[in-house]
Structures are given as C-alpha cells and as structure tokens.
Amino acid sequence: MGNASQFDSPGVVGVDSPADLQRMIGRLSAPGSHFSDGARQVSVDSVELCLCLLDEFDEVVMARRLALWNSRGDRLTVELRNRRLHQADFSSTCDEAAAAAQFSASSLSYAGAETLQAFLFALRAFCAPGGIWVRSSRAGSPADPDETGVSVGTLRYQLAQAPAGVAPEAGKTELKPPSSESGAGRSVLAGFIANDPPWLEAWVLVAGALDREAGGRADRLAGLSEALDAVCNRLAARGSQPTAVFLEATGELGEHLAFVADGPERLALLVSPSGKGAFLAHWSDWRRACNASMATVAIP
Amino acid sequence: MSLVEEMSRLHRELPGCRSVLFGDAGTGIVLRACADADLRQEDHDSCMADAADWLGPEAERLRALVFGASPGSAPVAEAILLDGVELRVFRRFGEASCDVICVRSDNGATAELVSAAVQQLVQTDG
C-alpha cells in the first residue's frame with residue numbers, strides 16, 4: 001500500500017500514509033467508501049472535489065510530489081510532507097484559472113488568510129467537471145527546516161469559509177511571515193492576529209502598561225480584557241516564551257478562549273466554535289515563522 | 001483494549017510523547033502514568049496540577065468573565081498548554097467528570113494531532 005506505482009493509472013487516487021493505518025482501514029471499510037472499487041468517485045461539484053483532494057493531501061505523511069491534471073489540461077503540482085502542503089505550482093491554459101498563476105512555484109510558508117483564499121480560489125478553478133488525474137512521485141527537494149507549509153486542516157477550514165466564486169484581491173497574495181508592522185499594532189503578538197484570521201471572533205492585545213488594543217465582537221471585549229488581566233500572571237509564571245493556553249468549550253456551539261503571552265505582551269482571543277484546528281495550526285505556523293526569523297537575525 | 005493499554009499505546013505511538021497520565025483533577029492525584037523513564041513522580045504531579053488549574057474553577061472563572069455567569073454553563077472540556085518547548089493537553093472524560101487524561105509531548109506531534117489522539121482515547125474509554 002502506498003507506493004508510487006498505484007498512482008500511475010489515470011483516475012486512480014491512492015493514499016501514501018503508512019503511519020495512519022487504522023484511519024486508512026476505517027476509510028476503506030466504510031460504506032460507500034471512495035476507495036472501495038479502487039477509484040475515487042467524485043461529484044462534479046468543485047467544492048466537493050476540492051475537499052476530496054484535501055483528504056488526499058491529509059493522508060500524506062512522507063514527503064511526496066503529486067502531479068494533478070484536470071480535463072482541460074491544466075496542471076497542478078503540489079509538494080506535501082507531514083500532512084502539510086508546502087508548495088503548489090499551477091499551470092493553466094484557461095483564463096478562468098488565471099488566479100492560479102499567482103501560485104506558480106510558490107513556497108507556502110505562512111497561513112495568511114488572503115493567501116489561502118487565493119490558493120483555494122485557484123484550486124476551485126482547477127477542480128473542473130470531468131475528473132482529475134493524479135500521479136505521485138518522491139518529493140523533488142529535501143525538506144527545508146525553515147519551510148512551515150500549511151496544514152490541511154487550515155485549508156479545509158478556509159475552503160468552508162471562503163465564498164464561492166470570489167477572486168482574491170490583487171496584491172494580497174504575497175506570502176509573508178507575521179510582521180510587527182502589520183495588523184493590530186507594532187508588537188510581536190500583533191503578528192499572530194495579522195491578516196484577521198477567520199477563526200478569530202474577538203481579541204484584546206496588551207503591549208505595555210497603558211497600550212491596550214482590541215477588535216472583533218464588541219459584546220465580548222470587556223470580558224476578554226478582564227480575563228486577560230486575570231490570567232496574565234499565571235502565563236507569565238511559565239518560564240518559556242511565548243506561551244499559549246487554549247480552553248476548549250464543551251459542546252459544539254461554544255466559543256473557545258485562548259491566551260498568549262510573549263515577554264511583556266499579552267493577547268486574549270475568542271475563537272469561533274469550529275476554529276480549534278485552525279487556531280492550533282496557526283500557532284504551529286506562527287511559532288515556526290518566529291523561529292525562522294529569529295534564526296536569520298544577523299548579529300552585528 | 002483497557003484504558004491502561006490505550007494509554008500505553010498512545011505513549012508508544014505518539015511522536016514526541018513524554019507521558020500519558022490518568023488522574024483526578026479535583027484532588028490533583030495521579031492514578032496511572034505511562035511515561036518516559038527519566039520523568040519522576042514530581043513531574044507527573046506538576047502536570048496534574050496544571051490540569052487541575054486549567055480545567056478547574058479558575059478556568060470556569062475565566063469563561064464566566066467573558067460569557068457571563070450563566071448557571072449550568074458547561075465546563076471547559078479540554079485545555080492545551082503550548083510553549084516553545086513542549087505542549088500539554090488535558091481533557092476531561094465527561095462534562096462533569098473530574099477524571100482527566102494529561103498528555104505531555106515535546107518536539108514531536110503537532111498540537112492538533114495530540115489533541116485528536118487524546119479525544120479519541122477519551123471517546124473510546126469514556
């Protein structure tokens with residue numbers, strides 16, 4: 001299971017995830033499984049086709065390169081590792097998929113909301129009726145430790161949030177790490193909420209004794225601010241920085257709370273009920289981006 | 001598979017997993033531990049104390065500050081503590097239960113993966 005030869009026949013989509021055998025078996029034995037007859041049956045709906053592709057991405061643990069073609073002859077090449085999308089390269093013959101060009105040979109290194117929406121817009125344009133063919137091979141380049149990639153959970157969440165048929169605005173698709181100059185202010189933690197992630201419902205940022213900023217749902221800001229004051233010392237007591245705590249609400253309808261501390265800065269977040277996975281993926285991406293930027297600071 | 005077997009499997013198979021604890025968040029007592037050999041009882045106690053802290057009354061107070069004091073509001077189901085070194089996931093077995101699973105992991109699996117694994121364990125044995 002999971003070798004390259006499985007993918008050599010057009011129309012056959014396989015899974016390369018020996019580490020997750022139990023889940024794989026579950027999928028194979030499920031009634032109506034896409035894989036039960038050896039070929040994936042998908043509807044003509046582009047969103048569903050996107051979700052099917054993301055399912056496949058989610059199965060890839062070892063580094064792989066997938067080359068995909070649609071019925072128009074457009075080609076998408078992706079590099080995947082550890083269930084994360086690292087590179088996407090579109091080549092399209094169709095004007096409708098012009099947005100795809102923005103991702104040519106791009107390394108996806110930060111889960112910026114606009115970037116992902118632009119990618120998913122291009123992916124939807126790629127997922128045209130008529131089927132998709134896939135071929136798998138080993139990844140072309142060794143893993144770069146500075147590459148963060150984007151988790152499939154984040155992509156799936158963004159796909160659910162993105163309005164159909166809305167193209168990303170021009171000039172908003174540049175891949176950027178969190179910047180201290182963007183977002184809510186000039187602090188490091190402002191980078192965490194830069195680009196207004198869709199899972200974020202409200203936030204309060206304390207960057208100093210008197211410097212307090214807030215955004216999002218007005219009815220929650222006072223409470224968030226109070227909670228942030230209450231939790232400050234407990235987070236600061238932990239030696240390692242930055243530190244975050246995520247408090248998951250019971251049930252599916254409750255919003256989650258999260259608090260982040262980094263040196264003197266504090267951030268309180270109200271996370272949407274379905275935003276847990278996206279928040280955790282965002283934290284991982286942000287930490288890696290921070291580590292990468294710290295590693296490249298020149299010492300005078 | 002028994003809870004202990006599930007805990008042992010999790011400790012063995014989850015990348016970077018240092019310890020899997022089962023205990024009572026109300027009293028802070030560790031009832032069962034599957035852990036790396038270099039971890040001591042004090043480490044387990046500290047982890048369970050974190051669980052009691054972030055799943056207990058203090059967490060409820062934080063939620064009450066944000067959402068208001070609504071009687072009968074559900075308690076925090078899971079707390080995830082993340083820092084640059086390691087992550088700790090604490091999860092209740094049920095809404096009103098003091099039984100918790102604590103997983104401590106470093107430099108291995110992502111928080112999403114650890115959380116999903118703990119959730120699966122709790123659903124299996126809950």
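Just so it is clear: chains get the letters A, B, ... in the order the sequence lines come, proteins before strands, and each one is counted from 1. Since the structure is predicted, the reported quantities are computational estimates derived from the model, not experimental observations.
- Every residue was checked against the salt bridge (Lys or Arg N to Asp or Glu O under 4.0 Å) condition with A:E226, not counting sequence neighbours, and none meets it.
- In this structure, A:E248 CD and B:S115 OG are separated by 6.0 Å, a value rounded to the nearest 0.5 Å.
- Scanning all heavy atoms of the two residues, the minimum distance from A:A227 to B:L65 falls at CA-CD1, 3.7 Å.
- Contacts between A:L270 and chain B at a heavy-atom distance below 4.5 Å involve the side chain alone, from C-beta outward.
- Top candidate by heavy-atom pairs under 4.5 Å with chain A, chosen from B:D53, B:L113, B:V89, is B:D53.
- One distance of note links CG of B:L87 with CH2 of A:W283; it measures 10.5 Å at 0.5 Å rounding.
- Taking CZ of A:R84 as the start and OG1 of B:T110 as the end, the distance is 7.0 Å to the nearest 0.5 Å.
- Pairing each heavy atom of B:R61 with each of A:A230, the nearest pair is NH2-CB, 3.7 Å.
- Side-chain contact check for B:L82 versus A:L280: some heavy-atom pair is nearer than 4.5 Å.
- Applying the ring pair (Phe, Tyr, Trp, His ring centres under 6.0 Å) test to every pair with at least one member in residues 29-48 of chain B, sequence neighbours left out, gives no pairs at all.
- The neighbour count for B:R32 CZ, taken as heavy atoms of other residues, nucleotides or ligands under 6.0 Å away, does not exceed 12.
- The side-chain heavy atoms of A:V231 and B:W54, taken from C-beta on, include a pair separated by under 4.5 Å.
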- Query: Please walk me through it: do B:V66 and A:E255 pass side chain to side chain contact (heavy atoms under 4.5 Å, CB included)?
  - Reply: CA-CA 10 Å; B:V66 178; A:E255 294 108 337; over 6 Å; no
